[in-house]
Student: 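Below is a structure I'd like to ask you about.
Proteins get letters first, then strands, A, B, ... in listed order; numbering begins at 1 in each.
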2 protein chains.
Amino acid sequence: MPYNEFKRGELYSFITGMASTAVARRLQKNFKQAGIEITIEQWSVLYHLWKEDGLSQQELCSRSFRDKPSITRLVDNLEKLKLVKRVPSKEDRRINLVYLTEAARKLQEETLNMANQTLNEALEGVRNDDIEVCKAVLQKVYDNLTPIP
Amino acid sequence: MPYNEFKRGELYSFITGMASTAVARRLQKNFKQAGIEITIEQWSVLYHLWKEDGLSQQELCSRSFRDKPSITRLVDNLEKLKLVKRVPSKEDRRINLVYLTEAARKLQEETLNMANQTLNEALEGVRNDDIEVCKAVLQKVYDNLTPIP
DNA sequence: CGGAATTAGTTGCATAACTAACTATATGCC
DNA sequence: GGCATATAGTTAGTTATGCAACTAATTCCG
């Protein structure tokens with residue numbers, strides 16, 4: 001039991017992810033100030049589509065660590081905002097491929113810059129090596145708790 | 001600009017706090033399996049009250065990194081479950097002091113043990129030094145983005 | 001071939017989050 | 001003393017999450 005000594009008094013912030021919440025809140029605020037009316041969650045879906053357009057909803061689930069209902073509704077709302085379009089796959093009619101619209105492509109550069117800037121503020125005064133350690137720990141935690149199918 | 005090189009491709013998991021989400025989901029599942037019918041968010045409020053009973057709602061806000069409406073409803077729901085009681089302060093009638101009930105005190109040991117166990121699973125194979133670095137980074141991120149009033 | 005099992009996505013329900021606007025009490029200052 | 005301001009908490013509205021139950025299309029396999 002190597003972590004018996006883990007202090008109970010420090011559990012909570014680890015569990016709630018206060019840091020990631022703070023980053024998300026700041027970024028959301030920056031979007032709003034710039035007149036960009038999307039939520040962080042919607043943005044995070046667009047983020048994966050900017051990396052690779054035309055993903056299935058299932059693929060969006062695994063890449064964004066969300067369950068299917070969450071993606072269904074996020075895509076619903078993004079469709080209402082005319083930022084994405086569902087296109088049924090021709091090979092497999094169960095599958096919806098999600099495509100960016102022109103309007104969404106216009107948001108890419110500005111919002112990614114804002115996200116980078118927000119992360120720079122968040123990480124001000126943190127050593128690069130420590131960031132790498134932190135990311136590795138978080139990835140390991142995720143892997144430890146996520147059973148491989 | 002020391003973090004210009006921060007990779008965009010790694011932004012997302014940092015922002016969403018996938019690791020803390022995974023920990024919370026696992027703990028929630030463990031509660032359910034043990035027949036404990038409270039949410040992680042409700043538990044996190046109890047957690048602060050176990051450390052110090054009779055906090056004001058405002059104090060619960062700052063300790064749990066939540067805003068006032070969130071605490072209002074969490075305390076509402078905990079009151080419905082008969083786990084806490086609001087008691088108006090005698091010195092300042094605007095203030096509600098929140099007290100644990102006997103039923104809540106009974107939950108303390110079992111749920112804290114489950115939380116510790118879940119964290120041990122989560123941190124399996126992670127060096128203690130790295131955990132400390134990770135916590136320090138997350139704290140710094142939080143501090144960087146949270147203006148001191 | 002055809003029924004069972006799997007996979008993709010949707011819907012319903014409960015809880016929780018954030019913002020903004022609100023009430024009530026307390027404090028500060030002229 | 002009395003009005004302006006600040007603080008504690010609540011309410012309303014929108015969005016998001018998790019779980020469970022559901023439909024529709026596909027694949028597996030006897």
Student: For A:Gln42, report the nucleic acid contact type (base, sugar-phosphate, nothing); a contact means any heavy atom under 4.0 Å.
Tutor: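 Sugar-phosphate, no base atom in range.
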
Student: Roughly how many Å is it from CD in A:Gln33 to C1' in C:dT19, rounded to a whole number?
Tutor: 14 Å

Student: Atom CD1 of B:Ile71 and atom C1' of D:dT10: how far apart are they, to the nearest Å?
Tutor: 14 Å

Student: Which part of the nucleic acid, if any, lies within contact of A:Arg93, taking any heavy atom under 4.0 Å across all strands shown: a base, the sugar-phosphate backbone alone, or nothing?
Tutor: sugar-phosphate

Student: Measure distances between side-chain N and O atoms of B:Arg94 and base N and O atoms of D:dT7, and say whether any donor-acceptor pair falls under 3.5 Å.
Tutor: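 Under the 3.5 Å cut-off, the side chain and the base do form a donor-acceptor pair.
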
Student: Checking A:Glu124 against B:Asn144: is there a side-chain donor and acceptor pair closer than 3.5 Å?
Tutor: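 No, A:Glu124 and B:Asn144 have no side-chain donor paired with an acceptor closer than 3.5 Å.
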
Student: Any sub-3.5 Å donor-acceptor pair from B:Gln28's side-chain atoms to B:Ile38's backbone N or O?
Tutor: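 At least one qualifying donor-acceptor pair exists.
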
Student: Between A:Thr72 and A:Lys29, just flag the one whose closest nucleotide in DNA chain C comes earlier from the 5' side.
Tutor: A:Thr72

Student: What does A:Lys80 touch in the nucleic acid at a heavy-atom separation under 4.0 angstrom: a base, only the sugar-phosphate, or nothing?
Tutor: nothing

Student: Within the 4.0 Å heavy-atom criterion, would you say B:Arg25 contacts the bases, only the backbone, or no part of the nucleic acid?
Tutor: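 The answer is sugar-phosphate, as B:Arg25 gets under 4.0 Å only of primed atoms, P, OP1 or OP2.
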
Student: How close or far is atom P of C:dT11 from atom CG of A:Asp67, stated in whole angstroms?
Tutor: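 Going from CG in A:Asp67 over to P in C:dT11 covers 15 Å.
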
Student: In whole angstrom, give the distance that lies between atom CD of B:Glu41 and atom P of C:dA16.
Tutor: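 Value for this atom pair: 6 Å.
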
Student: Side chain of B:Thr101, backbone of B:Lys82: donor and acceptor closer than 3.5 Å?
Tutor: yes

Student: May I ask you to say what A:Asn77 touches in the nucleic acid, namely base, sugar-phosphate or nothing, with a heavy-atom cut-off under 4.0 Å?
Tutor: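 Touches sugar-phosphate only.
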
Student: Could you state the interatomic distance from CG (A:Leu100) to NE2 (A:His48), rounded to the nearest 0.5 Å?
Tutor: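 Between atom CG of A:Leu100 and atom NE2 of A:His48 there are 12.5 Å.
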
Student: Between B:Ser70 (side chain) and B:Arg66 (backbone), is there a donor-acceptor pair under 3.5 Å?
Tutor: no

Student: What is the separation between atom CZ on A:Arg66 and atom P on C:dG9, rounded to the nearest whole Å?
Tutor: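 Atom CZ in A:Arg66 sits about 16 Å away from atom P in C:dG9.
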
Student: On DNA chain D, does the nearest nucleotide to B:Lys32 precede the nearest nucleotide to B:Asp76 from the 5' side, or the other way round? Give the residue.
Tutor: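 Its nearest nucleotide lies further toward 5', so the answer is B:Asp76.
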
Student: Respond yes when some side-chain nitrogen or oxygen of B:Ser70 is under 4.0 Å from OP1 or OP2 of C:dA16, and no when none is.
Tutor: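 Indeed not, no polar side-chain atom of B:Ser70 lies that close.
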
Student: Just call it for A:Asn96: base, sugar-phosphate, or nothing, with non-hydrogen atoms closer than 4.0 Å on any strand.
Tutor: sugar-phosphate

Student: How many whole angstroms separate atom NZ of B:Lys90 from atom P of C:dA26?
Tutor: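 Rounded to the whole Å, the gap is 15 Å.
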
Student: Looking only at side-chain N and O atoms, does A:Thr39 come under 4.0 Å of OP1 or OP2 in D:dA16?
Tutor: yes

Student: Between B:Lys68 (NZ) and C:dA17 (C1'), how many Å, whole number?
Tutor: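 My rounded result for the distance is 16 Å.
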
Student: Among D:dG18, D:dT10, C:dA16, which nucleotide sits nearest the side chain of B:Gln57?
Tutor: D:dT10

Student: On the side chain of B:Arg86, is there an atom forming a donor-acceptor pair with the base of D:dA8 - under 3.5 Å, no angle test?
Tutor: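 Check fails, no donor-acceptor contact within cut-off.
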
Student: Show the nearest heavy-atom pair for residues B:Ile40 and B:Ala24, with the distance to one decimal.
Tutor: CG1-O, 3.5 Å

Student: Measure from CH2 on A:Trp43 to C1' on D:dA16 and round the result to the nearest Å.
Tutor: 17 Å

Student: Counting only distance, no hydrogens or angles, is the base of C:dG12 paired donor-acceptor with the side chain of A:Arg73 under 3.5 Å?
Tutor: yes

Student: Looking at D:dT11, D:dT26, C:dT15, which one has an atom nearest to any side-chain atom of A:Asp92?
Tutor: D:dT26

